[in-house]
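Here the structure is a predicted model, which is why all the values come from computation and not from measurement. The analysis underlying the following values was restricted to heavy atoms, covering all of them including side chains, and did not include hydrogens, waters or symmetry mates.
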Amino acid sequence: MKHHVGGVLPPGGGKTVIWTLGAVLACLGGTAQAAEQSDARLATVVVEGSRASEVEKARVELEKVAGAARVVDNQEVERGRAQNAEDVLALQPGVFAQATSGTGANKISIRGSGLNTFYQGYVMGIKFLYDGLPITGPGGTQEDLLNMAAVDRTEVLYGANAFSHTALSLGGAINFITHTGRTSPGAYARVDFGPFGYRRQQLSYGGVSGDSDYYISVLHNERDGFQDDTPNKGRDFIANVGHTFNPRLDTRLTIRYREEELLNGSTLTRAQIKDDPTHNRLLSDRRKDGTTLIGSTTTYRFDDDSRLEIGLGVNDYPLLNGWRYAATAQDWRSTDVNTVLRYLRTDDRLFGLPSDTTLTFSDTRLVRGDVKGYRRSDWQQVRHTDYSGSRDTVFAIGNELYLDDRYTLSSGLSLINIDRTARIKYSNTANTSTFPDNLSYNEWHVAPRIGLSYQLNPTVQLFGNLSRSIDPPVTWQHGSTANAYLRPLDPQKGTTVEFGIRGSAGIFDGSLSIYRSWISDELLTVIVTPATQTTDAVTANANASDTIHQGIEAGLDTRLWESARGDQVILRQAYTFNDFFYRDDDAFGSNALPSLPRHYYQAELQYRHPAGFYAGVNLRTASSYYVDYANTLKAPSYTLWGAKVGYDDPGERWSVYLDARNLTDEHYVTAANTAYDLRGVDSPNFYVGDGLGVYAGISYRFH
C-alpha cells in the first residue's frame, strides 16, 4: 500500500445555479402535433386497470438494464422516520447506509465503494444525482444534500449498471427524483418528532395549471443529539416547475437550497461505547451557509423515436469546518457547473434487428474551488489551496440490441477525461519535502461494458455483464490544509463481472446478484493520527496494491398470507455478503479490507389492512469487521430490533405513524475510521449508534 498523506477532514456542502433552455428551444417545436410515445414495452404496463405511477414506470425502465438496479418509493419510506439515507436505502441488498450523529451524514457504500472514506458522512465511489443532474463533482459529494427532502423516488443503479448516467464509479449511481405538482398535488403538512430532541416540520404545495405544473416545499429539522453536545439543525427550500411548450418540447427547473449547522459526535473506543455511548470526547463542528443547487432539464422530441435531453446546472457549496473547536479552521468554497447532453433513438434497426441507441456527453467542472486554513488560536491564515479548473468529462455511447423476444444484448463504451489541478497558493511553512506544491494532470480512460439479459418467462429475467469502472481521486485527497505539499494519486480502476436473476413467481418477488471486481490502484484512506482537543486528525490517502471485491446481493419479498378482503402479511428481506481483500500485498498479504461488515441482513415482517392500518417488526444485523489493515481489531457485531405501526387514510388525506428503533437499547457501532495496525489495542475509531427511541409523525393533505 503506497502511503499518500492527504489533508485533514474533507469538505462537504453544495450550491448550484441553473438556467432553462425551454424558451430558447421553444421555436423548434413550432405547432407540431402530439408525438405519442410508441415504446411497446412501456405501454404494456398496467396496474389494476389504471395508469402506472411514476415509480412503477421507473421500475419497468430499470428492468431493461442487464444488471442490478432498484427503485425506492419514498412514499413507502415516509410511513416511518424518513430522516436520512439510512432510512431511504434500508432493505436494499448490496447497499450499506448508516447514519452517525443523527444527521444527513451517512456512510453509504455499494459493493465496497469508498470503502473506508468516512468522516461525518463524506461519501466516495458513488455518483449522486438529483433529477439526473450530478451533485458529485471533482470535489466529491456534499453530504448536506443527502437528507432526501421532497423526494418522490430514489433510483439505485449498482456499478456499471449506472451507465445511463455516465457514472463510472465502482458503486454506480443513486438518482433522487424531486416531487412535482403531479406527484404531490395540493397543500401538504407533516410534523415528525422523536427522541434526543428530534423535530421535523414540512409544508409543501403542488399543482397543475394548464401546460405547467409547480411544487414548492419548505422544511426545518432539528435535533439535540444522542451523544452529549451534538445538536444539529437545518432548513430546506425546494422548488420544481415544469412547462410543456408543445407536444415536442418541455422543460423543468428545480431549485434546492439548504442551510445547516451541527456538532458531530466524536468517535469512541469499544469500551467507551459499552460503558457510556452518550459520551462525546471531542467537539467537532460544521456549518453550511447556503448550499444551492439549481438545475434545468429540457427535452425536445424530433419524432416518436428520437429525442434530445439537455441538462444544465450550477452547484454551489460552501463549508465552514471546525470553525468553533478545531485547531485549524477551514473555509471551503466550491462551485460546479454541470452539463448533460443525451440523444436517445428507439425502435431503430441494427444488423436487421430492433435497436435502441443512446449518445451522452456529461461535464462537471469545478469553476471555483479552494480551501483556506486558519489557526484558530489567533486566526492567522496557515494555508490556501486552490482546485479551480478540475473537471470530469465523459463521452458515452450505449446500445440495446433485441436479438429476439427473449434475448437483449447491451453494449456501451465510455471515454472519460480526468483533469485535476491543485495549487498551494499560500503556506506559512516552507515545503521541505520532495513533493510539489502544484499538481496538474489530464488523463483519458476507456470504460467498456457488455451485458446480456434473458427473459426466462414473462415475470423472470436472467442477466449478466462485464464492465470497467474508473474512480478519479477527488481534489482534496491530494492535499488540503495539513501539509505544505501535494501528493499524486492515480484513478482507481476495476473490472467487474456480474450475474443475476430477478422477477416474481407466486407469492415471491425478488432478485439475486453475484459479482466479482478485480481492482487496481484502489483509493483507500487511513487515520494516521486521531484528532485531539489541540490537534487535527491527520489522514493518509493511498493507491493500494491489487484488491478483490466480491459479494452476493439478495432481496426477497414474500406474501405470507392474504385474505379474501385484502389483508396481507408480507416479509421483506435483504442480505448482503461482502468479501473484500488484498491480492498478495507486500505488507498485508491477503488480509481483509477493513470498514464494512462481511454479512449484513435486514428484514421486516408487516401486516397490512385494506382500510389503511399497518403494523410490523423489523430486524437489522451486521457481523463484526476489521478496522485496521493489519486485521488486529474489529468493530463489534450487532442486532437491532424495531417495530412500526401506522394508518394511511384511504382517501389519501392524512396519515400517522409510530416508529420504534433499537428496542433492546443496544450499544452498537454504526461506522468506523480505519488504521494501519492497531496491534489489537482498543482505540477511539468507532462511531456510535443511537439508543432506544420512538419516533412519531402525522401528515395531512388538503385536496
Side-chain angles (χ1 to χ4, degrees), residues 39-42 44-45 52 54-73 89 92-95 110-111 113 126-129 132 153-177 309 342 344-347 354-360 362 394 396-403 405-414 447-456 458-469 496-504 509-515 517 553-555:
D39 189 334
R41 292 174 299 280
L42 186 58
T44 60
V45 180
E54 294 300 318
V55 172
E56 290 152 352
K57 287 181 183 178
R59 285 176 178 151
V60 170
E61 284 299 308
L62 290 187
E63 285 176 0
K64 300 176 184 177
V65 177
R70 299 175 70 88
V71 177
V72 180
D73 185 349
L89 298 175
Q92 303 306 310
V95 181
I110 299 176
R111 298 181 174 179
S113 61
I126 300 173
K127 186 174 185 177
F128 291 90
L129 309 98
R153 65 186 184 274
T154 302
E155 299 172 354
V156 183
L157 300 104
Y158 299 65
N161 303 315
F163 181 87
S164 61
H165 291 297
T166 61
L168 303 182
S169 298
L170 174 67
I174 298 179
N175 184 28
F176 306 110
I177 308 299
E309 297 175 355
R342 183 179 291 111
L344 304 95
R345 183 163 185 84
T346 60
D347 293 332
S355 168
D356 297 340
T357 302
T358 304
L359 298 171
T360 308
S362 74
V394 181
I397 180 170
N399 178 262
E400 305 292 319
L401 187 64
Y402 303 98
L403 305 178
D405 290 341
R406 295 197 172 193
Y407 287 97
T408 301
L409 178 66
S410 300
S411 58
L413 181 67
S414 298
R449 179 183 188 275
I450 188 167
L452 182 68
S453 63
Y454 172 67
Q455 200 69 38
L456 185 64
T459 61
V460 178
Q461 183 185 77
L462 304 176
F463 57 80
N465 63 74
L466 177 67
S467 62
R468 184 74 168 165
S469 63
T496 300
V497 61
E498 174 189 6
F499 297 98
I501 182 173
R502 62 180 163 225
S504 60
D509 188 350
S511 64
L512 171 68
S513 298
I514 301 172
Y515 71 92
S517 299
E553 303 158 345

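Looking only at distances, no side-chain donor or acceptor of Gln92 sits under 3.5 Å from a matching main-chain atom of Arg70. At least one donor-acceptor pair under 3.5 Å links the side chain of Thr459 to the backbone N or O of Ser504. Within the 3.5 Å criterion, the main-chain N or O of Glu63 finds a donor-acceptor partner in the side chain of Arg502. Here the side chain of Arg449 pairs a donor or acceptor atom with the backbone of Ala160 at under 3.5 angstrom. Under a 3.5 Å cut-off, the side chain of Arg342 and the backbone N or O of Ser164 do form a donor-acceptor pair.
In terms of the side-chain contact (heavy atoms from CB on, under 4.5 Å) criterion, residue partners of Ser113 (sequence neighbours excluded) are, by chain and number, Ser109, Ile110, Ile126. In this structure, the side-chain hydrogen bond (donor to acceptor under 3.5 Å, both in side chains) partners of Thr154, at least two apart in sequence or on a different chain, are Asn74. Every residue two or more places apart in sequence or in another chain was checked for a side-chain hydrogen bond (donor to acceptor under 3.5 Å, both in side chains) with Thr358, and none qualifies. Legend: residues meeting side-chain hydrogen bond (donor to acceptor under 3.5 Å, both in side chains) with Arg59, ordered by chain and number and at least two apart, are absent. Under the side-chain contact (heavy atoms from CB on, under 4.5 Å) criterion, Ile514 pairs with Ile552, not counting sequence neighbours. Not a single ring-ring contact (aromatic ring centres under 6.0 Å, His included) links Phe499 to another residue, sequence neighbours left out.
A heavy-atom distance below 4.5 Å is not found between the side chains of Leu409 and Asn399.
Minimum interatomic distance between Ala167 and Gly172 (heavy atoms only, all atoms of both residues): CB-O, 4.0 Å. Heavy atoms only, all atoms of each residue included: Asp509 and Gly503 are closest at OD1-O, 3.2 Å. The heavy-atom pair separating Ala396 from Ser414 by the smallest distance is CB-OG, 3.6 Å. When all heavy atoms are compared, the tightest approach of His165 to Lys127 is O-NZ, 2.9 Å. Scanning all heavy atoms of the two residues, the minimum distance from Glu498 to Ser513 falls at OE2-OG, 3.6 Å. Between Ala68 and Glu553, the closest heavy-atom pair is CB-OE1, 4.2 Å.
In this structure, OG on Ser453 lies 11.5 Å from NZ on Lys64, to the nearest 0.5 angstrom. For the atom pair CG of Asn161 and OG of Ser410, the computed distance is 9.5 Å after rounding to the nearest 0.5 Å. Going from atom CG of Leu170 over to atom OH of Tyr158 covers 13.5 Å, rounded to the nearest 0.5 Å. We find the OH-CG distance between Tyr515 and Asn465 to be 13.0 Å, quoted to the nearest 0.5 Å. Annotation: the span from Ser411 atom OG to Glu400 atom CD amounts to 7.5 Å, rounded to 0.5 Å. To the nearest 0.5 Å, the span separating CD1 on Ile177 from CG on Leu129 amounts to 8.5 Å.
Donor-acceptor pairing under 3.5 Å is lacking for the side chains of Asp356 and Thr346. Residues Thr496 and Arg111 have side chains that never bring a donor and an acceptor to within less than 3.5 angstrom of each other.
Among the candidates Asn175, Leu62, Val95, the single residue satisfying the side chain to side chain contact (heavy atoms under 4.5 Å, CB included) test with Val156 is Val95.
Classified by interplanar angle (parallel below 30°, tilted 30° to 60°, perpendicular above 60°), the ring pair Tyr454/Tyr407 is tilted.
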Working for side-chain contact (heavy atoms from CB on, under 4.5 Å), residues Val460 and Ile501: CA-CA 7 Å; Val460 178; Ile501 182 173; 3.7 Å; yes
